[in-house]
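Before any comments, here is the structure.
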Amino acid sequence: MAVERTDFIRDIIERDLEAGTYQSVVTRFPPEPNGYLHIGHAKSICVNFGVALDFKGKTNLRYDDTNPTKEDVEYVESIERDVRWLGFEPAAVLFSADYFGRMYELAERLVTEGKAYVCDLTDDQIREYRGSLTEPGKPSPFRDRSVAENMDLLRRMRAGEFPDGARVLRAKIDMASSNMKMRDPLLYRIRHAHHHRSGDAWVIYPMYDWAHPIEDGIEGVTHSICTLEFENNRELYDWVLDNTGPWTPRPYQYEMARLVLDYTVMSKRKLLTLVTGNHVNGWDDPRMPTIAAMRRRGYSPEAIRAFCEMIGIAKTNSSVDIDKLEYCIREDLNKTAPRVLGVLRPIEVELTGWKGGTEVLDAPFFPPDVGKPGSRQVPFSGRVLIDREDWSDDPPKDYKRLAPGRTVRLRYGYCITADEVIERDSTGNATKLRATVHMETGGGKNPEQKVWGVIHWVDAASSLPVEMRLYDRLFKVPKPEEGGQDFLEQIDPKSLEVVRGARVEASLAAAAVGSRWQLERVGYFVVDPDTKPGAIVMNRTITLRESAKAAVTAQHVAISEPTGRNPKAQTRPKTKSPQEQRMEARARDPELMTAHAQIAAMPVITADHADLLTGDMHTAKAFRIVADMVPPELAAKWMINELPRALGDRGIESVDAAELGKLLAAVHAGSLGPSAAKTVLAELVRTGRPFSELKGAAPTPAVDLGAAVEAVIAANPEKAAQYKAGKTGLLGFFVGQVMKTSPNADAAAVNEAVRERLS
RNA sequence: UCGGGGAUCGUCUAAUGGCAGGACGCAAGACUCUGACUCUUGCUAUCUAGGUUCGAAUCCUAGUCCCCGAACCA
């Protein structure tokens, strides 16, 4: 069985399906059509479509087009194209604009129920009334308008009677909420603007927080996956659903970390700046992180999907190495890109000893280890072109290419020995060589001379001119946005180098636009759409990996600056600790204060424990009951250290203190082992059944454990050997195994038995 | 705790009280008609301090650091 890919979202879905909460999974990918999709969206697409595929559900592509002033059909078209190109088929392509009518009806319903009101405050006033992170807001003076007045005003808003910004519809929730999103959030604003889809049908447009949950509800979305910055919106998401439903299925929102990638920027605003400021050549400039750009650069959808799988899904803010993306690209292209020959900066080589005429060599498209069939004909005559980088007048140590007097093999062809430089340019670089060709070295046979390496070449007569666009990372530094610097100044001027005199073998004459090739020893290339008949343009997708020894050219220096302190964090007000909260709770409640005094007075109870046990009345009462049945220190230890795990999300009031007391009495009496007791405790909390129905057995004496220990050791001889060799961490493994077969065993005794047996 | 999240190799991510694992990266080597690919070996981590437990990355306590939230954006 294949290893299951697991992440917290799939875990949740699996639980939901098992529990029968949902019969099937529906997700959605909800881009706003105000820009091109980028690699960060690719992650979201892979997650949303991926989980649906895994659980045989479906995924909608839904445009979250609730803001007519920012959106455009150009983006709508590019988005759908990119999603499909990535390899995903939306179950439906939908627009939130198509739900405007339904959303409006629900808004009227809210008004009718007194849960929403029309507010005439200006945007400045609204902000002011909202309060701050540390201070509550104050109610709008329009908060208590009558239902009739609100309805009248809302309808007139819709009818276009008021100018932009004159009024808004707000939910009536709680201006003092600690969650700013709940302080009477805006539901509708007036915008006399043309919408790319609904045209001029509406002059009021819903806000994201109102629209999104309703869209999910209408579409029957079960798991609404978004990024971390929407965590604060979840409470409002739930409020909207709860006050507009019932919805079946009821959607829930889950947040994951967005993708942050080295050497690039991802915000739409910055991407737009790059495009509109002509720092790049449009949204699909191959240096951009957009899907369209990556496609033009020669990345395959498979590689991008592999990358998205590699980086995983979690809630930790993280920044992914660009190496991982590049690895995925190379890995895919290595298996799929046919090999051909091409030289970037040609040097001409005249061959002496050539038999004359043109020979046609058969060269395979793939190396043997890729194992794919196919070959092409490569002409070879008395004049060849090699790459400038493959010639050195004064070769460094380890140079495996051509140099005076040295012999190399021309890939798939003959070995040649360099005789002399017969032409140099003004800067002294060789431009024309004479070399001797060893005719006996065809078909892989070696000459008498040492062969220093294998180099690529093209036939001077038949090769084709190509414009090569060599792309590299757009930015010079891994984090162009960091340190308060202007990201535009971090653009690497060398990120695009256009090479015009390049040549490729004749077989590429009819290469299709978009086809991907490996130019052997040079890199992976794709035929660019700018290609015209007789004028091929190729983009370098990525270089081949170079081992450190071969890296002659300057590397990108990874400047890892110490992460700057966040000013917000510094100004963060000093917060109250849980300890302070407990003290305050006691200050408010004299009864709790008394309980604390009493418990603290017990000689066996530490001050810390007394504090922890009297943070609220439920805990204090439970402790009193339990401490009457067993020694108080035992009660305290279990209630503080063991009970929380058994409770999980439940409150302490969900456990019957008297039953807990009975359980601990059994532990105290020795009729129930501590390990078994933890299991029983979990059951007690989970099922709510009385202890008498659950009680486990007393621990098995150590003398009975010998056989169990032997069995486990015999079943894992190699682990036993490792343990004896010093890997003592395996002790836990052995104890765990024994405990699995003998649940009533005394773990301490098992521990001792294993230790002795293996010493 | 204003409120909500988070912290595991250099990077990304597993381990849901029982072997800290995988991948990228890096290093060394093998192979090679691509200095590629492939293969072998190695490297490096549980934020800190206490506690509970036979056993803690995981539970409890105190602390540290980071992210998000006061658009009529999404």
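Numbered from 1 within each chain, the chains take letters A, B, ... in sequence-line order.
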* Are A:Asp262 and A:Lys479 close enough for a salt bridge, meaning some N to O gap below 4.0 Å? -> yes
In B/S/- notation (B base, S sugar-phosphate only, - none; protein heavy atoms under 4.0 Å), nucleotides 13-18 of chain B written 5' to 3' is SSSBBB
- Report yes if a side-chain nitrogen or oxygen of A:Arg545 is closer than 4.0 Å to either non-bridging phosphate oxygen (OP1 or OP2) of B:rG35; otherwise report no. no
> P atom, B:rA14 versus B:rC54: distance in rounded Å?
Replying inline: 31 Å
Regarding the side chain of A:Asn67, the nearest nucleotide among B:rA36, B:rC33, B:rC73 is B:rC73
* To do: Using a heavy-atom cut-off of under 4.0 Å over every strand shown, decide if A:Leu612 touches base, sugar-phosphate, or nothing.
  => sugar-phosphate
In terms of side-chain geometry, is the basic nitrogen of A:Arg234 or A:Glu255 positioned less than 4.0 Å from the acidic oxygen of its partner?
yes
Writing each nucleotide of RNA chain B 5' to 3' as (, ), [, ], | or . by Watson-Crick or G-U pairing under 3.5 Å yields .((((((..((((....[..))))((((((.......))))))...(((((..]....))))))))))).....
inquiry  = Base of B:rC68, side chain of A:Asn232 - is there a donor-acceptor contact under 3.5 Å?
reply    = yes
Does A:Trp452 form a ring pair (Phe, Tyr, Trp, His ring centres under 6.0 Å) with A:Tyr399? I'd like the steps, not just the answer.
CA-CA 8 Å; A:Trp452 286 77; A:Tyr399 194 72; 8.9 Å; no
- Item | Span that lies between the C1' atom of B:rC68 and that of B:rG51, in whole angstrom | 32 Å
>> Please determine whether a side-chain nitrogen or oxygen atom of A:Arg582 lies at a distance below 4.0 Å from atom OP1 or OP2 of B:rA62.
In response: yes
- For A:Phe230, which contact category applies under a 4.0 Å heavy-atom criterion: base, sugar-phosphate, or nothing? base
Exercise for the section: Scan A:Gly165 against the nucleic acid and name what it touches under 4.0 Å (heavy atoms): base, sugar-phosphate only, or nothing. Expected result: base
For the residue pair A:Phe734 and A:Tyr723, does the interplanar ring angle fall in the parallel (under 30°), tilted (30 to 60°) or perpendicular (over 60°) class?
perpendicular
Note to self: Under 4.0 Å, counting only non-hydrogen atoms across every strand here, what does A:Phe307 touch: a base, just sugar-phosphate, or nothing?
What the structure shows: nothing
*In terms of heavy-atom contacts, does CZ of A:Arg191 have more than 12 from other residues, nucleotides or ligands at under 6.0 Å?*
yes
May I ask you to verify if any side-chain N or O of A:Arg189 is less than 4.0 angstrom from the OP1 or OP2 atom of B:rC73? yes
Discussion item. I'd like to know if A:Asp164 and A:Arg189 make a salt bridge, using a cut-off of under 4.0 Å between side-chain N and carboxylate O.
Written reply: no
Separation of B:rA23 atom C1' from A:Leu325 atom CG, nearest Å, is 15 Å
message: At less than 4.0 Å, is any side-chain N or O atom of A:Tyr208 found next to OP1 or OP2 of B:rC73? Yes or no.
response: no
Taken in chain and number order and not counting sequence neighbours, the residues that satisfy salt bridge (charged side-chain N to carboxylate O under 4.0 Å, His left out) with A:Arg62 are A:Glu215, A:Asp216, A:Glu219
**Prompt:** Taking atom C1' in both B:rU32 and B:rC39, what distance in whole Å separates the two?
**Reply:** 12 Å
Quick check on B:rU38: is either OP1 or OP2 less than 4.0 Å from any side-chain nitrogen or oxygen of A:Arg330? no
(Q) Any base atoms under 4.0 Å from A:Glu235, or only sugar-phosphate, or nothing? Heavy atoms, all strands. (A) nothing
For the C1' atoms, the ones on B:rU61 and on B:rG22, what distance do you get once it is rounded to whole angstrom? 34 Å
Q. What about A:Lys719: does its side chain form a donor-acceptor pair under 3.5 Å with the base of B:rC19?
A. yes
Where does the angle between the aromatic ring planes of A:Trp517 and A:Phe365 fall among parallel (under 30°), tilted (30 to 60°) and perpendicular (over 60°)? tilted
Original post:
Under 4.0 Å between a Lys/Arg side-chain N and an Asp/Glu carboxylate O for A:Lys181 and A:Asp209?
Top reply: no
With syn meaning chi within 90° of zero and anything else anti, the base of B:rA71 is syn
- Parallel, tilted or perpendicular for A:Phe230 and A:Tyr208, by the 30°/60° rule? tilted
Less than 4.0 angstrom between a side-chain N/O of A:Ser319 and OP1 or OP2 of B:rU11, yes or no?
no
Q. With sugar-phosphate meaning primed atoms plus P, OP1 and OP2, does A:Lys324 contact a base, only sugar-phosphate, or nothing at under 4.0 Å between heavy atoms?
A. base
A:Lys445 side chain N/O closer than 4.0 Å to the phosphate oxygens (OP1, OP2) of B:rC33? no
With rounding to the closest Å, how many angstrom separate the C1' atoms on B:rA57 and B:rG21?
13 Å
When the P atoms of B:rC19 and B:rA36 are considered, how many whole Å apart are they? 39 Å
I want to check one thing: is the phosphate of B:rC2, taken as OP1 and OP2, less than 4.0 Å away from some side-chain N or O of A:Arg130? no
